[in-house]
Amino acid sequence: MRATRAIIHLGNLRENIRAIRAQVGQEVSVCLAVKADAYGHGAIEVAQVAIEEGVECLGVATLSEAVELRAAGIQSDLILLSLCIPEEIEDIVAYKVFPVVASAEMIEIFGQEGKRQGKQVTCHLKIDTGMGRIGCTPEEAVPLAEKIKNHGFLKLGGVCTHFPGSDLADTAFTLKQINIFNNIIDQIQAGGIDPGLIHAANSGAIINIKESYFNMVRPGISVYGYYPSKEIPNIIPLKPVMEFRTKVVFLKKVPKGTPLSYGMTYTTNEETWIATLPVGYGDGYNRLLSNRGKVAIRNRLYPVVGRVCMDQCLVNLGSRTDVNLYDDAVLFGPEPPALDADALADMIGTISYEVTCFVAKRVPRIYTED
Ligand SMILES: *Cc1c(COP(=O)(O)O)cnc(C)c1O
């Protein structure tokens with residue numbers, strides 16, 4: 001096995017799912033976002049655990065993600081959260097994936113394809129209440145819901161919206177969206193249409209806004225152990241699921257004044273021990289962590305020095321060290337003193353989502369129930 005690997009702590013994943021379930025209540029269904037290979041954790045393995053934990057539905061972003069899950073034998077409900085192009089519709093219907101629809105044209109072509117394959121297509125109507133990304137307008141919602149309901153080969157499986165600011169301390173914008181969404185749901189029901197699953201809440205809303213739950217929630221980052229932002233109260237216990245590890249593969253003592261790595265951006269200011277780690281930006285350890293990152297070895301944190309290369313980086317162990325060749329080094333993970341993905345994200349101006357998503361395909365995922 002390669003020295004560099006991502007340990008996926010499935011025990012933590014289970015605890016996070018249970019914590020979210022406890023927060024929203026047993027009556028509310030959960031659609032777990034497993035898009036982007038489950039935020040880098042491995043979609044198939046995460047989906048299997050989610051199903052064992054009673055998650056009702058999985059959220060994907062692309063048809064290929066849905067096909068990968070179906071090929072692995074996963075039969076649970078799958079919602080395609082992003083829009084597709086007409087070429088993909090045949091397979092979406094064939095693989096029994098539930099598309100999100102937002103226009104009369106899309107509804108029309110799904111209806112035609114359902115008829116062609118002799119299958120009823122379950123659609124979720126997406127309404128844009130303030131995200132500004134995809135979705136019909138609030139005014140279009142009721143007629144589109146009727147159109148789905150009245151089509152013999154379509155079924156209205158759900159009605160949904162999305163929140164751009166549910167992880168902000170100020171909840172006013174999200175509450176306004178909820179108000180708009182509630183009005184639409186009322187109108188749909190008043191028209192004698194069953195809206196099916198009503199869903200809006202991402203992790204921020206699950207943690208911050210109880211009024212957002214309806215009858216299904218769509219957690220992503222919280223299941224993987226992180227809060228979507230620092231602005232919302234820490235009310236659910238969450239444990240990071242991914243631990244990014246490598247090993248020391250080279251150890252050397254260098255004199256004061258030694259330049260290190262590409263661009264010679266770091267020069268030693270004393271005689272010091274330098275460890276080489278076989279991990280770099282080609283593995284998803286971001287190059288912006290050059291001269292910034294910190295790596296835990298033998299329960300102590302050491303600075304990354306010099307540029308992070310594609311496949312390797314360097315750590316300064318100081319003038320004396322107890323670190324040995326082939327010792328484990330933790331790039332990020334749940335156990336201090338190792339940094340977590342939030343800390344790395346802060347260093348490079350991004351969010352934990354991107355830090356875990358970026359762990360490259362060539363890094364093997366090792367699954368453990370610990
Ligand atoms: C990814 C995604 C989510 C999950 O968001 P988190 O912030 O990770 O909880 C929910 N809904 C939709 C539509 C998404 O695309």
Side-chain angles (χ1 to χ4, degrees), residues 13 16-17 19-21 23-24 28-41 43 46-47 50 55-66 69 77-84 97-102 123-136 157-168 171 173-174 177-178 181 197-210 212-232 234-236 238-242 341-342 345 350-358:
L13 177 70
N16 296 339
I17 293 172
I20 289 157
R21 183 73 86 180
Q23 172 68 20
V24 300
V28 175
S29 292
V30 173
C31 172
L32 198 160
V34 296
K35 61 198 186 190
D37 204 22
Y39 295 35
H41 295 69
V46 167
V55 161
E56 288 82 359
C57 174
L58 302 169
V60 296
T62 68
L63 171 61
S64 60
E65 290 175 346
L69 293 173
D77 287 354
L78 296 179
I79 300 182
L80 184 55
L81 298 168
S82 300
L83 296 182
C84 61
V97 179
F98 300 165
V100 155
V101 293
C123 301
H124 287 238
L125 180 63
K126 178 78 168 262
I127 301 147
D128 184 1
T129 58
M131 177 73 186
R133 192 169 63 178
I134 57 170
C136 66
V159 177
C160 52
T161 192
H162 194 56
F163 301 131
S166 60
D167 59 346
L168 303 175
T171 57
F173 190 89
T174 310
Q177 286 185 272
I178 291 171
F181 191 52
L197 291 164
I198 305 166
H199 50 108
N202 50 8
S203 294
I206 290 168
I207 295 162
N208 209 19
I209 307 168
K210 279 213 147 69
S212 69
Y213 297 169
F214 300 96
N215 58 20
M216 188 162 79
V217 294
R218 302 189 306 262
I221 196 67
S222 50
V223 166
Y224 305 108
Y226 291 97
Y227 275 65
S229 82
K230 292 190 188 67
E231 287 198 31
I232 53 177
N234 208 307
I235 54 159
I236 308 179
L238 298 174
K239 291 186 185 166
V241 174
M242 186 187 287
D342 268 335
T350 184
I351 50 178
S352 60
Y353 299 67
E354 198 179 15
V355 172
T356 64
C357 273
F358 266 19

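The model shown is predicted, which means the values in this text are computed figures rather than measured ones. First listed ligand is number 1; within each ligand, the first listed atom is number 1.
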Polar side-chain atom of Ser222 near backbone of Pro219 as donor-acceptor pair, under 3.5 Å: no

Side-chain (Ser29) to main-chain (Glu56) donor-acceptor, under 3.5 angstrom: no

Heavy-atom check, side chain of Ile79 versus side chain of His199, under 4.5 Å: yes

Contact check, side chains of Leu83 and Val100, non-hydrogen atoms, under 4.5 Å: yes

pair Phe173-Pro164: side-chain heavy atoms closer than 4.5 Å: yes

Mutual orientation of the aromatic rings belonging to Phe98 and His124 [parallel < 30°, tilted 30-60°, perpendicular > 60°]: parallel

Distances for all N or O pairs of ligand 1 and the protein under 3.5 Å?
| residue | atom | partner | partner atom | Å |
| --- | --- | --- | --- | --- |
| ligand 1 | 7 (O) | Tyr353 | OH | 2.6 |
| ligand 1 | 8 (O) | Tyr39 | OH | 2.6 |
| ligand 1 | 8 (O) | Ile221 | N | 2.8 |
| ligand 1 | 9 (O) | Ser203 | N | 2.8 |
| ligand 1 | 9 (O) | Ser203 | OG | 2.5 |
| ligand 1 | 9 (O) | Gly220 | N | 2.9 |
| ligand 1 | 11 (N) | Arg218 | NE | 2.8 |
| ligand 1 | 11 (N) | Arg218 | NH2 | 3.3 |
| ligand 1 | 15 (O) | Lys35 | NZ | 2.5 |

